[in-house]
Amino acid sequence: MLTLKQVWDEEAIQQLNDKRKKDFSEIVSQIRSNDESRKKTQQELDNCLQQANIISKQVGELFKKKEIEAANELKAKSSELKEQSKGLQEQLRAIEDSMQQLLYKIPNVPHTSVAAGVDESDNEVVFESGDTPAKEEGLLPHWELAKKHNLIDFELGVKIAGAGFPLYIDKGARLQRGLINFFLDYNTEAGYKEYLPPFFVNEASGIGTGNLPDKEGQMYHMQLDDLYAIPTAEVPVTNIFRDDIVDAATFPIKCTAYTPCFRREAGSYGAHVRGLNRLHQFEKVEIVQITHPDASYDTHGEMVEHVKGLMEKLELPYRILRLCGGDTTFASALTYDFEVWSRAQQRWLEVSSVSNFETFQANRLKLRYKDENGKTQLCHTLNGSALALPRIVAALLENHQNPDGSIDIPKAIVPHVGFDKIS
RNA sequence: GGAGAGAUGGCAGAGUGGUUGAAUGCGGUGGUCUUGAAAACCAUUGUGCCGCGAGGUACCGGGGGUUCGAAUCCCUCUCUCUCCGCCA
């Protein structure tokens, strides 16, 4: 959520509208007028309470002096003030509630480097690893390769849970485990501290990262216990720091975690959800950083390089996009997407989004630090996948398949998975 | 699932309904002393909101109530802990 300071900042709002090619002026002016009446009401209320406090003290003293009559007189006055402050309090709460609702509707202000644009067609390709291999005769898509080598059984997944819950078998399962280890090791070597967080979170955590209330339909909700299955490790990991004032000396705070991710993906269907393209449950290793505002864009660049290194080790054709304003997710100011090339499907698959949220998440989380002057300031938060497994597996299978149908495992991950070929 | 106890500042831990934002200890910060350090001593040390400032106001798990006045009394919700049972 934007800070009120940002909402009052003409330049920022201009940038928001331009980059996202959407006009938020209406909501902005509503928030501003709410903010003004909020201040006014707050002042009235404070004055009212101040008087009541003074009177209470006087009443106490009068009682001590046994001046009952004078005390009773003041009591009446106090009752009046009480009525008044009650009304003001309700008014204030109503204003704050509506302001909050309005603030939830405004996405983050995109960074200056972000291109103005509406959707993915305006995204910029900023890096490409090489030529994308053309379609060849006899190339199998990953779901057929998975079946041929008995790596994944989608039908049995349906039997056990439903569509979108694959059952990994034998080397397929082993590959998952190996990749998770490989990613975690790679991240921890780069200084990320490893966490294994809860896979279910409470409502407060969902609100902290902005998944609630806006994206409620995307999460699985266990109503009996009022818990939500996490859609990404970002939720539990970022919430570690909810309501914290962290020591600026500990910047940057670097976290990594493996978790399964659960997404309802209501309304998705067709070829785009075939095989491993889109699932209700998938495995992912996430990286999160919390930094000083001055450092966050350097950090962002570093995270992009970090993920790039991972892609290189997997020996997959990939590219990096800088998302345009309209395609940049709600909470993000700058997002680079990593996509791998699916050789058999002849299309790009997103495997990582590296985002800088600036203070957008921190504001909701109340995640702060103390600056040189001892003032509390909001931190910047960033995160990215390193990496999401299913599409990586899809690309590995498709890109490393040989004419005889066997699949080579990239050297870097062989020690982690324990075999160098699937045949 | 059964029984009980509790929730107070970074932590530990007090708190007769009336200058209590809250004793005390530890920790943190600044200082004195010291060649330096330790010790000792002194001072300082929560967060939000309003205000240029002085200052004001709110917050003792959440919500509601009683009262002129609530950390303190009442109701309610949530959570945590201990014991028993069950269990990887």
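Lettering follows sequence order; numbering is per chain, from 1. Worth saying up front: this structure is predicted, and the values here are computed from it rather than measured. Values reported hereafter were calculated over all heavy atoms of this structure, with side chains retained and with hydrogens, waters and symmetry mates removed.
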(request) Give the nucleotide from the list B:rC50, B:rC68, B:rU47 with an atom nearest to the side chain of A:Q43. (result) B:rC50
(request) Please identify each residue that fulfils salt bridge (Lys or Arg N to Asp or Glu O under 4.0 Å) with A:K82, with sequence neighbours left out. (result) none
(message) Whether A:R38 contacts B:rC49 is assessed here as follows: a side-chain N or O lying under 4.0 Å from the phosphate OP1 or OP2. Is that the case?
(response) no
(message) Can you tell me the base-pairing partner of B:rU34? Count Watson-Crick or G-U wobble geometry only, both distances below 3.5 Å, and say none if there is no partner.
(response) none
(message) What is the separation between atom OH on A:Y369 and atom P on B:rU47, rounded to the nearest whole Å?
(response) 15 Å
(message) Taking the nucleotide of RNA chain B with the nearest heavy atom to each, does A:Q51 or A:K86 sit closer to the 5' end?
(response) A:Q51
(message) Could you tell me the Watson-Crick or G-U partner of B:rC79, where both distances fall under 3.5 Å? Say none if there is no partner.
(response) B:rG6
(request) Can you tell me, in whole Å, how much space there is between the C1' of B:rA43 and that of B:rA7? (result) 33 Å
(request) Report the relative orientation of the aromatic rings in A:F262 and A:Y220; use parallel for angles under 30°, tilted for 30 to 60°, perpendicular for over 60°. (result) perpendicular
(request) Take atom CG of A:L92 and atom P of B:rU57, then tell me their distance rounded to the nearest Å. (result) 16 Å
(request) Can you tell me the distance, in whole Å, between the CD atom of A:Q50 and the P atom of B:rG55? (result) 13 Å
(request) Tell me yes or no: between the side chains of A:E194 and A:T188, is some donor less than 3.5 Å from an acceptor? (result) no
(request) Could you tell me the separation between the CG atom of A:L367 and the P atom of B:rU47, rounded to a whole number of Å? (result) 15 Å
(request) Determine the Euclidean distance between corresponding P atoms of B:rA71 and B:rU16; express it in Å to zero decimal places. (result) 13 Å
(message) Closest approach to the side chain of A:R368, judged atom by atom: which nucleotide of B:rC68, B:rG64, B:rG48 is it?
(response) B:rG48
(request) Output the single nucleotide from B:rU47, B:rA58, B:rC50 whose closest atom is nearest the side chain of A:I245. (result) B:rU47
(request) Quickly work out the A:L88 CG to B:rC50 C1' distance and round it to whole Å. (result) 14 Å
(request) Describe the nucleic acid contact of A:N53 in one word from base, sugar-phosphate, nothing, applying a heavy-atom distance below 4.0 Å. (result) sugar-phosphate
(message) Do A:N108 and A:L2 make a side-chain contact, defined as non-hydrogen atoms from C-beta onward lying under 4.5 Å apart?
(response) yes
(message) Nearest heavy atom decides the nucleotide; on that basis, is A:K370 or A:G60 closer to the 5' end of RNA chain B?
(response) A:G60
(request) Return the set of residues passing salt bridge (Lys or Arg N to Asp or Glu O under 4.0 Å) with A:E124 (not counting sequence neighbours), or none when no residue passes. (result) A:R322
(request) Under 4.0 Å between any heavy atoms, over every strand shown, what does A:K57 touch: base, sugar-phosphate, or nothing? Just pick one. (result) nothing
(message) Checking base pairs now: Watson-Crick or wobble, both atom distances under 3.5 Å. What partners B:rU44?
(response) B:rG28
(message) Over all strands shown, is A:L49 touching base, sugar-phosphate only, or nothing at heavy-atom distances under 4.0 angstrom?
(response) sugar-phosphate
(request) Could you tell me whether A:E305 and A:K308 have a side-chain N and a carboxylate O separated by less than 4.0 Å? (result) yes
(request) Using the P atom on both, measure B:rU72 against B:rG18 and round to a whole Å. (result) 12 Å
(message) If you define the side chain from C-beta out and look only at heavy atoms, does anything of A:Y186 sit under 4.5 Å from A:I413?
(response) no
(message) Rounded to whole Å, please give me the gap between CD1 in A:I55 and P in B:rU57.
(response) 13 Å
(message) With rounding to the closest Å, how many angstrom separate the C1' atoms on B:rG51 and B:rG56?
(response) 8 Å
(message) Under a 3.5 Å cut-off for both contacts, is B:rU20 paired Watson-Crick or G-U wobble with anything, and if yes, with which nucleotide?
(response) none
(message) Using the ring centroid of each side chain, check whether A:H380 and A:Y297 are separated by less than 6.0 Å.
(response) no
(message) Using whole Å, what does the distance between atom P of nucleotide B:rU29 and atom CG of A:D371 come to?
(response) 18 Å
(message) Of the listed nucleotides (B:rC49, B:rG48, B:rG18), which one gets closest to any side-chain atom of A:Q42?
(response) B:rC49
(request) Going 5' to 3' through nucleotides 69-80 of chain B, assign each nucleotide B (protein heavy atom under 4.0 Å from a base atom), S (under 4.0 Å only from sugar-phosphate atoms) or - (no protein heavy atom that close). (result) S-----------
